[in-house]
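Keep in mind it's a predicted model, so treat the numbers as computed, not measured.
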Amino acid sequence: QVQLVESGGGLVQAGGSLRLSCTASGRTFSNCAMGWFRQAPGKEREFVAGISRIGTSTSYADSVKGRFTISRDNAKNTLYLQMNSLKPEDTAVYYCAATPVIHMGVHMSAYDYWGQGTQVTVSS
C-alpha cells in the first residue's frame with residue numbers, strides 16, 4: 001500500500017505559478033513511477049505529467065508542455081509539480097498517483113494508488 005497526500009493547491013491569477021507536492025508513505029516511494037492527473041468540473045480525469053521510478057524519464061500532456069515540470073525527491077518521499085504561466089483552463093482538482101513499476105503510464109488504469117486531490121483555481 002502507498003498513501004498519498006497532495007498539497008499546495010490554491011487560487012492564483014492567470015500567468016501565475018503554483019507548486020504542488022505529493023507526500024508518500026507506506027510502500028517504498030522510490031519503487032514507484034508517479035503521475036499527476038487533473039479533473040475539471042464536468043470533465044473526465046486526464047493525465048498531466050508522469051515520472052519514472054528514479055526520475056530519469058518524464059512525460060507531459062501537450063496542454064502543459066513547456067509550462068509544467070514534474071520532479072521527485074526520493075529521499076523525501078515527495079513528488080512535485082511546478083506549474084508556471086497558469087491559465088484559467090488549468091483549473092481543476094489535481095491528483096497524484098503511484099504505480100509500482102519502473103516507467104510511468106498516461107492512463108488512469110496504469111496507476112494503483114491515488115491521493116485525495118488538491119484544488120487549483122486560476123482566475124482570469
Exercise for the section: With R72 as the cation and F29 as the aromatic partner, state whether NZ or CZ is under 6.0 Å from the six-membered ring centre and within 45° of the axis. Expected result: yes
Handout entry: same_hphob_cluster(V48, Y113) at 4.5 Å side-chain heavy-atom cutoff
Key = yes
Problem - Reported OG-to-CD1 distance for the pair S52 and I70, which is rounded to 0.5 angstrom - result: 9.5 Å
Completion exercise
One should read off an interatomic distance between Q3 CD and Q116 CD, to the nearest 0.5 angstrom, of 12.0 Å
Practice task
Apply side chain to side chain contact (heavy atoms under 4.5 Å, CB included) to M104 and S59, showing your working.
Solution key: CA-CA 8 Å; M104 64 287 178; S59 179; 3.7 Å; yes
Practice task
Answer yes or no: is there a side-chain heavy-atom contact under 4.5 Å between T121 and V12?
Solution key: no
Completion exercise
Between W114 and R45 the two heavy atoms that sit nearest each other are CE3-NH1, 3.5 Å
Exercise for the section: Please tell me if the side chains of F47 and M108 come closer than 4.5 Å, counting only heavy atoms from C-beta onward. Expected result: no
Exercise for the section: Of all the heavy-atom pairs spanning A92 and R38, show the shortest one and how long it is. Expected result: CB-CB, 3.8 Å
Handout entry: Trace of the side chain to side chain contact (heavy atoms under 4.5 Å, CB included) decision for M34 with L4
Key = CA-CA 11 Å; M34 302 293 295; L4 303 171; 4.0 Å; yes
Completion exercise
Residues passing the ring-ring contact (aromatic ring centres under 6.0 Å, His included) test with Y111, sequence neighbours excluded, are F37
Handout entry: D73 versus T78, side-chain donor and acceptor atoms under 3.5 Å
Key = no
Problem - Nearest heavy atoms of G115 and Y95, plus distance in Å - result: O-CD2, 3.6 Å
Practice task
Take Q119 and L11 through the test side chain to side chain contact (heavy atoms under 4.5 Å, CB included) and record every step on the way to the result.
Solution key: CA-CA 8 Å; Q119 177 70 47; L11 174 64; over 6 Å; no
Fill in the blank from the handout: The side chain to side chain contact (heavy atoms under 4.5 Å, CB included) partners of V120 (sequence neighbours excluded) come to L18, L20, M83, Y94, V122
Completion exercise
Here the gap from E6 atom CD to C96 atom SG, rounded to the nearest 0.5 Å, amounts to 4.0 Å
Problem - Contact summary for R67 and S85, nearest pair of heavy atoms - result: NH1-O, 3.0 Å
Fill in the blank from the handout: For Y60, the ring-ring contact (aromatic ring centres under 6.0 Å, His included) test, sequence neighbours excluded, returns none
Practice task
For Q82 and F68, run side chain to side chain contact (heavy atoms under 4.5 Å, CB included): C-alpha distance rounded to whole Å, both residues' side-chain angles, the deciding distance at 0.1 Å, then the answer.
Solution key: CA-CA 5 Å; Q82 178 66 43; F68 291 11; over 6 Å; no
Fill in the blank from the handout: Tightest non-hydrogen contact, residues S17 and N84, listed as OG-OD1, 2.9 Å
Handout entry: Greater than 12 external heavy atoms within 6.0 Å of I54's CD1
Key = no
Handout entry: Cluster check Y80, V2: I/L/V/M/F/W/Y, side chain < 4.5 angstrom
Key = no
Practice task
Over all heavy atoms of both residues, which pair between R53 and P100 is shortest? Give the atoms and the distance, please.
Solution key: NH2-O, 3.9 Å
Practice task
Tell me, with the steps shown, if K87 and D90 meet salt bridge (charged side-chain N to carboxylate O under 4.0 Å, His left out).
Solution key: CA-CA 5 Å; K87 305 175 181 180; D90 295 317; over 6 Å; no
Problem - From OG1 (T56) to CD1 (I51), nearest 0.5 Å - result: 8.0 Å
Fill in the blank from the handout: OG (S71) and CG (L79) are apart, to the nearest 0.5 Å, by 7.0 Å
Practice task
To the nearest 0.5 angstrom, please state how far the CD1 atom of I102 sits from the OG atom of S57.
Solution key: 11.0 Å
